[in-house]
Amino acid sequence: MAITTYAELKTAIADFLNRDDLTSVSADFITLAEADINRRVRHWRMEKRSTAQLDTQYSAMPADFLEALRFYITSGDTSPLELISQFEMVDQRHRTGNATGKPQYYAVTAGEFEVYPTPDSTYTAELYYYARTTALSDSNTTNWLLTYFPDAYLYGSLVHSAPYLKDDPRIQVWAALYQSAIDGINQSSDSAKHGSASRRMKIKAY
């Protein structure tokens with residue numbers, strides 16, 4: 001059975017559940033699986049770069065933002081922005097009288113990036129981040145996750161059908177297969193980025 005499109009995934013879900021009356025709710029199972037996968041998977045295919053002009057205290061996040069990997073100023077000498085907590089941000093502003101200058105720190109504040117010091121001019125910045133995987137739909141029939149890891153979609157959707165179907169004894173099998181798929185995705189990303197490289201031991205000569 002090929003599972004390469006949104007329609008084929010819904011058909012597979014119905015086949016595995018042995019039900020022909022779930023057309024209207026199978027899309028909900030898929031949506032719930034996608035939400036869970038976005039929380040648990042971190043794969044290199046989710047990585048994106050975005051540039052922005054920092055000229056105010058607050059800047060909008062990318063719409064598909066999940067988690068920052070690197071955030072740095074590229075104007076002049078490239079310099080990283082250090083992620084700090086809300087408490088540390090308030091403390092920095094209090095201790096320095098809310099100074100302006102070239103940003104050195106950032107925090108996530110009310111769905112925006114807050115930088116400190118507040119920019120004293122316009123700085124170009126680059127954000128390297130994990131992006132939310134584009135959801136499947138009738139108009140967006142596939143994505144990288146379904147192309148390379150259809151088992152995660154299938155078993156994730158089956159797991160999330162459990163509350164609807166109630167007492168299905170197969171849930172433990174699906175859950176185990178789903179967890180294995182999630183682990184495999186994350187491990188494949190680690191392997192792609194690091195290969196078989198291992199830490200080299202430095203031997204001191206005497």
Side-chain angles (χ1 to χ4, degrees), residues 1-19 22-23 25-50 61-71 80 82-83 85 108 111 126-201:
M1 177 193 303
I3 307 177
T4 60
T5 66
Y6 185 53
E8 290 173 351
L9 176 59
K10 289 193 287 186
T11 297
I13 292 169
D15 289 345
F16 270 72
L17 295 176
N18 195 26
R19 295 278 293 268
L22 298 176
T23 302
V25 294
S26 60
D28 294 334
F29 303 156
I30 294 170
T31 297
L32 292 170
E34 287 175 330
D36 190 52
I37 289 169
N38 277 319
R39 286 191 294 267
R40 301 172 63 186
V41 167
R42 292 294 179 267
H43 192 273
W44 65 265
R45 292 182 185 276
M46 300 169 72
E47 297 173 6
K48 281 189 177 182
R49 289 186 298 169
S50 177
M61 290 180 175
D64 57 359
F65 177 84
L66 279 176
E67 180 184 338
L69 288 165
R70 295 196 305 269
F71 196 15
E82 180 183 344
L83 177 62
S85 68
V108 176
E126 182 165 284
L127 174 68
Y128 186 45
Y129 69 103
Y130 283 117
R132 186 176 296 104
T133 299
T134 303
L136 296 177
S137 66
D138 290 331
S139 58
N140 185 62
T141 61
T142 192
N143 57 29
W144 72 268
L145 185 62
L146 185 63
T147 297
Y148 295 101
F149 305 103
D151 54 334
Y153 254 119
L154 175 61
Y155 295 123
S157 300
L158 293 174
V159 166
H160 286 87
S161 74
Y164 183 85
L165 299 177
K166 297 182 180 178
D167 299 325
D168 192 314
R170 297 170 293 178
I171 183 62
Q172 293 183 348
V173 174
W174 295 334
L177 291 170
Y178 178 50
Q179 184 61 56
S180 178
I182 294 294
D183 292 342
I185 294 171
N186 289 328
Q187 289 169 6
S188 73
S189 183
D190 288 341
S191 296
K193 296 178 76 171
H194 306 295
S196 59
S198 59
R199 294 182 178 179
R200 295 181 179 180
M201 181 180 294

Taking the side chain from [X] and the backbone from [Y], do they hold a donor-acceptor pair closer than 3.5 Å?
{"X": "Arg40", "Y": "Asp183", "result": "no"}
{"X": "Asp64", "Y": "Thr133", "result": "no"}
{"X": "Thr141", "Y": "Tyr6", "result": "no"}
{"X": "Ser191", "Y": "Gln187", "result": "yes"}

Open item on the list: Taking the basic N atoms (NZ, or NE/NH1/NH2) and the acidic carboxylate oxygens, is any pair closer than 4.0 Å for Asp15 and Lys10?
Closed with: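 Salt bridge absent between Asp15 and Lys10.
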Return the [atom1] to [atom2] distance between [X] and [Y], rounded to the nearest 0.5 Å.
{"X": "Ser189", "Y": "His194", "atom1": "OG", "atom2": "NE2", "value": "7.5 Å"}
{"X": "Ser188", "Y": "Trp44", "atom1": "OG", "atom2": "CH2", "value": "9.0 Å"}
{"X": "Leu9", "Y": "Leu154", "atom1": "CG", "atom2": "CG", "value": "6.5 Å"}
{"X": "Glu34", "Y": "Ser137", "atom1": "CD", "atom2": "OG", "value": "9.0 Å"}
{"X": "Ile13", "Y": "Ile3", "atom1": "CD1", "atom2": "CD1", "value": "8.5 Å"}
{"X": "Leu146", "Y": "Thr134", "atom1": "CG", "atom2": "OG1", "value": "12.5 Å"}

Open item on the list: Parallel, tilted or perpendicular, judged at 30° and 60°: which one describes the rings of Phe149 and Trp144?
Closed with: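 Ring orientation, 0 to 90° scale: perpendicular.
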TODO: For Glu67, look at atom CD and say whether over 12 heavy atoms of other residues, nucleotides or ligands are found less than 6.0 Å away.
DONE: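 It does: Glu67 CD has more than 12 such atoms within range.
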- [ ] Answer yes or no: are there more than 12 heavy-atom neighbours, outside Asn18 itself, under 6.0 Å from its atom CG?
- [x]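 No, CG of Asn18 has 12 or fewer neighbouring heavy atoms, counting only those of other groups under 6.0 Å.
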Task: Contact summary for Asn186 and Arg42, nearest pair of heavy atoms - done: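 What the structure gives for the nearest pair is OD1-N, 2.9 Å.
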Report yes if some heavy atom in the side chain of [X] is under 4.5 Å from a heavy atom in the side chain of [Y]; otherwise report no.
{"X": "Tyr130", "Y": "Val41", "result": "no"}
{"X": "Val159", "Y": "Leu177", "result": "no"}
{"X": "Leu66", "Y": "Met46", "result": "yes"}
{"X": "Ile37", "Y": "Tyr178", "result": "yes"}
{"X": "Tyr148", "Y": "Arg45", "result": "yes"}
{"X": "Ser161", "Y": "Leu17", "result": "yes"}
{"X": "Phe71", "Y": "Pro80", "result": "no"}

Open item on the list: Suppose the criterion is salt bridge (Lys or Arg N to Asp or Glu O under 4.0 Å): which pairs have a residue in residues 148-161, not counting sequence neighbours?
Closed with: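 Qualifying pairs: none.
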Open item on the list: Using a 6.0 Å distance limit plus a 45 degree cone around the ring axis, check whether Arg132 lies over the aromatic ring of Phe65.
Closed with: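 Here Arg132 fails the 6.0 Å and 45° test against Phe65.
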Any donor-acceptor N or O pair under 3.5 Å, side chains [X], [Y]:
{"X": "Asn143", "Y": "Tyr153", "value": "yes"}
{"X": "Glu47", "Y": "Tyr128", "value": "yes"}
{"X": "Asp28", "Y": "Tyr164", "value": "no"}

